[in-house]
Amino acid sequence: MHRFMEFIYVICRENRACHSVFLLLAVACWAAGCSGVHSDQPPTYSLKEGKRPNILFVISDDQSYPHASVYGEDWLKTPAFDRVAREGVLFTQAYTASPGCSPSRAAILTGLNCWQLEDAGTHASAFPAKFTVFPDVLEELGYHVGFTQKGWGPGNWEISGRKRNPAGNPYQEKRLQAPTTGIVSNDYAANFVDFLADRASEQPFCFWFGAAEPHRDFEAGSGLASGKDPLAVNVPAFLPDTPEIRSDLLDYALEIEWYDHHLGRMLAHLDSIGELDNTLIIVTADNGMAFPRAKATMYEHGIHVPLAIRWGQWAKPGRILDHLVSLIDVAPTILEAAMGEAYAAYAQENPVEGKSMVALLGGDRTENAVDVDRPVFSSRERHSSSRWNNLGYPQRAMRKGNLLYIRNFAPARWPAGAPQKFLDAGTLGPEHGGYHDIDGCPTLDFLIDNRDHPTYGTYFQLAVAKRPEEELFDLTSDPFCLNNLATQKSYEATLAEVRDEMETYLRRTGDPRVTGNGEIFETYIRYSPIREFPEPDWLNQPESIDLKSN
């Protein structure tokens, strides 16, 4: 069967119009009983009796690992996420491709690293139509595809000639009374029901549930008002432990619980219509929480995200996996789930950097599963408009074993944004008013107000101060990324090893930041508002150095 499908694919691959024909032919063959499950152990995945799994992809907006109750964080309650984890597989080492929403979502949709996605690798830019997204492929396979609230974005997908949001067709009509001013009025679960009602009988579906929560702004004090206990909060070590910060974290928790409530309603509906066990359910977040030194940074709370996957009988339930996985693995996983044995030929013709997790979900511990020793990578270019001439803050990170290595390509720039901006033409605003790579929030206000405090001033510097060319953290002993080992002589050999490994990977995958054309990222149009900043003092000086020459 596998060789037959490869033969058909060879015939079709020179003609892009034949692409859809190949996919549909594969499905027809399975429906006719052409596929079978291999008897060898571990099991090989194939479509069972031609029945393709449904896909429910769930992505919160700005949620860090480990902020779900199943991870032991009992100051917030996530029963729906916990159910997916309990009845499926819980991951403890999942990393996003970028600490910002737009590039992260583009990487999820394509299976490519952000630096491979041109405009889509930056924030609020375009999404070139030449990059294939998994909802489009699934639609060619006969899937009913749609999304609610936030698909890919922010950005301008129309400018590239796309006919719809890359996440699918919008389902946004059903509204409700939101419990706080920070929560949107979209009735996510009701829109999911509407989406399912539009599909044909027996048609498989792919639905992208893009929650708006827990993105800023939060309604200040809403967590406390809901009865949450501020003493129960686990305050990350990069933030001061004060009543103001604890309250802000409770507001964040309340918004996570809101989106989780809608996930619970969706699971219940799938159960009621008999589709739960034939649905691959992936629940994660686009990037870390919207707090200083988290979102829009390469530190753990910026790129380490929750992940749980439920998939009927295939994803062996009740397992906790500490494999390093990347969210660029989502697209290959979904496509292999939908294509079965035909995916190997498809992937050969349409290579991506993400790796399918299907074998891993099925309990495969061989070389066919995701390599436990495989490093994962993340990148950052422009986030908000936070510097002169709309410049970004270029970074690359590699997580391998217990180490997190970060390369800052322009250390002369301010990582959270330049301290001052223009309020209007010729009028310079107050000092510390330009940190727009940190979402405005009570925690940032507290740090700015207490920047000269003998204790709290340290946290302010952690959030906004300039950073060295290289950073290296041992996450076993330093999970909050506070002790940079790159400056320690005893880590010279380790630093050289991870530096070379990351640069080798970046060169192999064509990253302009190491191939000599890094400035191209600064040329991509931003379709969101642009702020004005004064010219920086480093403007006529080289921004980056060749680390290997030192």
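Source: prediction; values computed, not measured.
- More than 12 heavy-atom neighbours from other residues, nucleotides or ligands sit within 6.0 angstrom of CD on Q93.
- Under the 30°/60° scheme for interplanar angles, the aromatic rings of Y456 and Y459 are found to be tilted.
- With salt bridges taken as basic N to acidic carboxylate O contacts below 4.0 Å, none links R387 and E535.
- For the residue pair E469/N408, the side-chain donor-acceptor check at 3.5 Å is not satisfied.
- E532 and K421 are not joined by a salt bridge, as no carboxylate oxygen comes within less than 4.0 angstrom of a charged side-chain nitrogen.
- Side chains of N234 and E73: a donor on one and an acceptor on the other come within 3.5 Å.
- Between D478 and N483, the side chains place no donor N or O within less than 3.5 Å of an acceptor N or O (distance only, hydrogens not considered).
- Between Q177 atom CD and S185 atom OG the span is 8.0 Å, to the nearest 0.5 Å.
- Taking 4.0 Å as the cut-off between side-chain N and carboxylate O, R216 and E255 do not count as a salt-bridged pair.
- A donor and an acceptor atom, one from each side chain of T96 and S104, are located under 3.5 Å apart.
- The pair E300-R293 does not meet the salt-bridge criterion, since no charged nitrogen lies less than 4.0 angstrom from a carboxylate oxygen.
- In this structure, H301 has its ring center no closer than 6.0 Å to that of F291.
- Looking at M266 and F207, their side chains come closer than 4.5 Å, going by heavy atoms from C-beta outward.
- Salt-bridge annotation for R374 and D329: present, with a side-chain N of the basic residue lying under 4.0 Å from a carboxylate O of the acidic one.
- With respect to K295, the side chain to side chain contact (heavy atoms under 4.5 Å, CB included) criterion is satisfied by exactly one of I438, I303, D439: D439.
- A salt bridge is absent between E381 and R526: the closest approach of a Lys/Arg side-chain nitrogen to an acidic carboxylate oxygen does not fall below 4.0 angstrom.
- Ion pairing between a basic and an acidic side chain is recognised when a charged N comes within 4.0 Å of a carboxylate O; R508 and E353 show such pairing.
- When only modelled atom types and interatomic distance are considered, H67 and Y252 share a side-chain donor-acceptor pair under 3.5 Å.
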